[in-house]
Q: 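Supplied in structure tokens, the structure appears directly below.
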Amino acid sequence: MPEKLVLFKHIKDPNHKTVSGYESHGGYSAWRKALTSYKPEEVIAEVKESGLRGRGGAGFPTGLKWSFVPKDSPKPRYLICNADESEPGTCKDRVLLEDDPHAVIEGMAIAAYAIGAHLAFNYIRGEFDYPISVFEKAVDEAYERGHLGNDIYGSGFDLHMITHTGGGAYICGEETALINSLAGDRGMSSMKPPFPAVEGLYGCPTVVNNVETLAVLPHIINNGAAWHKSMGTEKSPGTKLFSLTGHVNRPGNYELELGTTLRELIYDIGGGIPGNRNIKAIIPGGASCPFMTPDQLDTPLDFESIAEAGSMLGSGGCIVLDDRTDIVWATYKLIKFFKHESCGKCTPCRQGTKWITQLVDGILAGKGNEEDIKKIDDICHNMLGRTICPLGDAAAMPVISVVQKFRDDFLRRIQMQSPLRMEQFAVE
Amino acid sequence: MNPTATETQKAQMTVTLNIDGQNVTVTKGATVLDACKQANIPVPTFCWHPKLKSVGACRICYVEIEKFPKLMVSCATEAMEGMIVQTNSEKCREGRKAVVELTLLDHPLDCPTCDKGGECDLQDISFDYGLSDQSQYAFNKFRFNTDTDKNSTFDDLTIGPEMVRNQNRCILCYKCTRANEEAFGEHDIGVYYRGNVAEINAAPGGQVESLYSGNLVEICPVGALTSSDWRYQIRVWNTRTVPSIDPFHADGANITLWKDAKKVYRATSRRNDDVDEGWISDISRYGYQIATSEKRLRTPLIKRDGSMVEASWDEALELIAKRIGGIKNKYGAPTLAGVISPSLDLATLHAFGKFFRGALGTNNIDYRSSYAHLPDDPHSTFTYMSSRPFNIANLLKSNAILVVGSNLIREHPNVHLRVRKAVTECGARLYTANPYETKSGDCSADEMVVRPGSEEAFLNGLALSLISQGLAKENVDVSKIDTLLIPNSVEACAEVCGISSNRLNTCAAALARSTAPSILAGEIISN
């Protein structure tokens, strides 16, 4: 299946990031259409009908998420765009913010209208210097052209937009931690319930959506739910951005219909593995997803099929590891990341990630023994599903899959009983 | 109302769940842990505190609930009708065991030298759920060190006037930082860094020295925060406890004194929800120290040749009798007067009065430590007001509170906390009117700083504002009120007290429209 360009249709046009360029490609027509001829409930119904699922990782139906906002609440509502893209291996939101910022603004506006929010925040990851400047400029342009502000298009609807930069913490991509961080507290996740849709930012109903999810909305409003459903699979309709990285000939961001197979993504679009080597492992959706093995290459990339194969579609950050990769080293890099990013609020994640890091480090240093593998597995199972937020799961799941599927690699490393040296990674 | 209707109503307000085969009925909105506590079923906790919001950080309070695939933290799971809860199943114990193991990874286990030993939650829970044999953890424990010895567990750091922190013992339950913000509205203790190296410390450049800082030590589930008076003094099992009442504040927080045969070692709170909710001020907590203070007088002193010389009680009493008797004989009883401290107990005050009135024959007795006390005329409005039944806990039912002439945190630390809670958790609107800014003003809807001595004008302004807005009660005759009050218009009052008439009007309207207003008048209001 070739690339299907919806979000990326005009991405290569440098003029597209300016408001005039965006308007010349039909931009802001969906916002005008939504505001003038749709009621908020109709927007929600349309998005529900389109089957759009959250692109941030969990794949929760977007329309359903919006409908959890209480209709009779006297409190103000808020919309937050989650642009704290920090999943290792994922770099799709960055491209949208840099090259198509107005699509994000338009999507945010439509979502804000649907839930009745008059204030929308874009929480952008702190390291994104350039995307932040592009996005802020785009917001200014949108205000100038009257796409944002008071009484937009004479409809009486007010919408204001605030760009907020994060401090650079992975955990702040989790919605409750993001909300705490945005409110000025420590970026630590909170227990759900209450869900943000009921009690979020400043205790008011809040919807948090991913950048890509929001950028799809103008297309759904313009082309209708049926058009969106015509792409992808029945339960995972539409297109999805995939960030292909690792040992491939043409790494990059690609837009594909959901349901395209891993093989097509890696070989047809990514151009295969350098030197025609074999694949050792694939992380299909960003670092928090369980590893897949080459025999699963024909798995279609949609939420259900990948879940059936024992992994997750996640945020679409596909990392390919070829057969030269030392899988123990890869595991170490992964778990070290999660240890560093654990916020420290709940015990299993805070101490579990630390212990696993030490165990894997010990194995790499040639001091491991066979029991360590079982211990790692035990600790992971004590973290899985027992933490406040999904970071604990995100750390445990890939490690569980690794020690199951690549046990031999661990055993070999343990039997070597000698420290790993960097020279072993020298490119041939 | 017929009985069946009441029952239906009651059923709507409560849920019944089954815990370990026992049916427990709790009010709607209660957590599973609340239900367990109510039924006296033990569930271990670290980060949970009855007066703070649940955060589910420590994960020790796992229970197994039927139809839930995962273990649930009981402190943050709402009890639902028909839930079937297991608090001691195999899976539960396994989960808790894992949490204890993880919690102890970096804990120094220095119980023999830790002052918390004997009353430590971690110690107790480790005995219940810890490993019976050697730890599986084969690495060096992470050490926070303030000195150069990298293996030492003693990184004692004084972070407040009475508070010492040992981060190595800390299990990061965040109870101290949460209580400080939620219950006291202070921000002088916080968390630095993140993950397993997160560290509790005083705010940058400051100390943990709020009036309630002692509570943070008391609620610490381990020995990470200890107080300077208790450290290295005595083991908890060598003390006896005595229930007592805070002698320093009129709101009378309930305290427990910990003592042996010789002296008192510390005071802790003794939770009484009608009075203090388990929070006591540092004055109540550390004030007992004056009883055994080195500086305290132990014998009477008599002035001889220009300096004070120690004397026996017999000598002293003889001298007093001689001098007072001499004055009475020479000038008559009315020339004598007695001044006594109001913080003495009632029996002493009574004996003092008897002595002056009966034995000496004078009525010149005073107990007021400053001019700023209310008149003791039994017919005055103030006496009538202060004899009305008042319950601190009822402040939570108020939806508008006015504090006039009182630095609440100094006068009544527990009333201050309750007022704060009424505002932050129950949504009451608070108005304060004092001659200077007070801590209570931090959470008030309008902090009105009146001109010193103009509280009367302020209150008159409120009354006149009520009348002018037509909010006075119908059965009150307001026709002559402007002839009775000086100044007699809202604007004139505003001029005198320095609060604009707009603010007076808003405050008056908020109080009048409230279904349950409270007015607290303090000692500044005075003359």
Side-chain angles (χ1 to χ4, degrees), chain A residues 167 169-172 176-177 180 185-194 203 336-359 361-362 365 367-369 371-372 374-376 378-389 391-393 395, chain B residues 31 46-47 53-62 68-73 75-78 91 94-107 122 135-142 170-174 177-178 181 187 190-200 424-425 427:
Chain A
Y170 175 66
I171 184 70
C172 291
T176 57
N180 285 339
D185 294 336
R186 273 175 80 83
M188 283 177 153
S189 45
S190 315
M191 290 288 287
K192 292 191 257 186
K336 197 177 165 199
F337 170 80
F338 287 114
K339 173 195 170 263
H340 181 67
E341 295 296 345
S342 169
C343 78
K345 189 168 188 178
C346 57
T347 314
C349 169
R350 179 181 71 229
Q351 301 291 29
T353 50
K354 178 208 145 157
W355 195 356
I356 300 171
T357 312
Q358 285 176 320
L359 285 169
D361 189 30
K367 292 177 191 159
N369 59 48
E371 272 176 31
D372 287 349
K374 191 181 168 296
K375 223 184 273 177
I376 291 171
D378 277 355
I379 302 166
C380 286
H381 280 99
N382 285 331
M383 286 161 64
L384 195 64
R386 297 201 180 161
T387 50
I388 294 176
C389 77
L391 199 148
D393 301 347
Chain B
T31 63
F46 288 129
C47 71
K53 286 184 197 115
S54 296
V55 292
C58 71
R59 320 301 284 183
I60 193 73
C61 64
Y62 282 140
F68 284 73
K70 303 193 263 189
L71 286 175
M72 303 299 283
V73 278
C75 71
T77 309
E78 196 184 329
K91 194 175 166 194
E94 281 301 312
R96 289 178 193 166
K97 200 172 154 180
V99 171
V100 169
E101 188 180 14
L102 290 166
T103 309
L104 289 177
L105 276 198
D106 286 331
H107 189 82
L122 183 59
S135 163
Q136 301 185 64
Y137 187 63
F139 303 94
N140 287 338
K141 289 172 185 261
F142 183 82
C170 179
I171 59 167
L172 290 173
C173 68
Y174 303 102
T177 60
R178 280 155 50 211
E181 287 182 18
H187 301 276
V191 194
Y192 290 72
Y193 315 115
R194 72 175 173 211
N196 69 319
V197 296
E199 187 179 340
I200 305 288
T424 55
E425 282 179 33

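Every chain is numbered from 1, with letters handed out A, B, ... down the list of sequences.
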Q: Might you point out which heavy atoms bring A/Lys345 and B/Val55 nearest each other, and give the distance in Å?
A: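 Here A/Lys345 and B/Val55 meet closest at CE-CB, 4.1 Å.
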
Q: What is the minimum heavy-atom distance between B/Arg59 and A/Cys346, and which atoms define it?
A: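 Heavy atoms only, the tightest pair is CD-CB, 3.9 Å.
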
Q: What residue in A/Met191, A/Arg186, A/His340 has the most heavy-atom pairs under 4.5 Å with chain B?
A: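 The option with the most such pairs is A/Arg186.
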
Q: By a 4.5 Å heavy-atom criterion (distance strictly below it), what part of A/Thr353 contacts chain B: side chain, backbone, both, or neither?
A: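 Neither; nothing under 4.5 Å.
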
Q: Strictly distance-based, threshold 3.5 Å: is any side-chain N or O of B/Tyr137 a donor or acceptor partner for the main-chain N or O of A/Trp355?
A: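 Judged by distance alone, no pair lies under 3.5 Å.
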
Q: With sequence neighbours left out, write down each residue that passes salt bridge (Lys or Arg N to Asp or Glu O under 4.0 Å) with B/Glu78, or none if nothing qualifies.
A: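 B/Glu78: no salt bridge (Lys or Arg N to Asp or Glu O under 4.0 Å) contacts found.
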
Q: For A/Lys354 versus B/Asn196, what's the shortest heavy-atom pair and its separation?
A: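 The answer is CD-ND2, 3.0 Å.
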
Q: The criterion is salt bridge (Lys or Arg N to Asp or Glu O under 4.0 Å); which residues satisfy it with B/Arg194, sequence neighbours excluded?
A: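 Partners of B/Arg194 by the salt bridge (Lys or Arg N to Asp or Glu O under 4.0 Å) criterion, ordered by chain and then number, come out as A/Glu341.
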
Q: Might you point out which heavy atoms bring B/Ala57 and A/Ile388 nearest each other, and give the distance in Å?
A: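 Smallest interatomic distance, heavy atoms only, reads CA-CD1, 4.2 Å.
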
Q: Give me the atom names and distance for the closest heavy-atom approach of A/Pro348 to B/Tyr62.
A: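 Shortest heavy-atom contact: CG-OH, 4.2 Å.
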
Q: Check whether A/Met188 gets within reach of chain B through its side chain, its backbone, both or neither, counting any heavy atom under 4.5 Å.
A: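 Only the side chain of A/Met188 comes within 4.5 Å of chain B.
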
Q: Counting heavy-atom pairs closer than 4.5 Å to chain B, which one of A/Leu359, A/Ile379, A/Thr347 comes out on top?
A: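 Most heavy-atom pairs within the cutoff with chain B belong to A/Thr347.
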
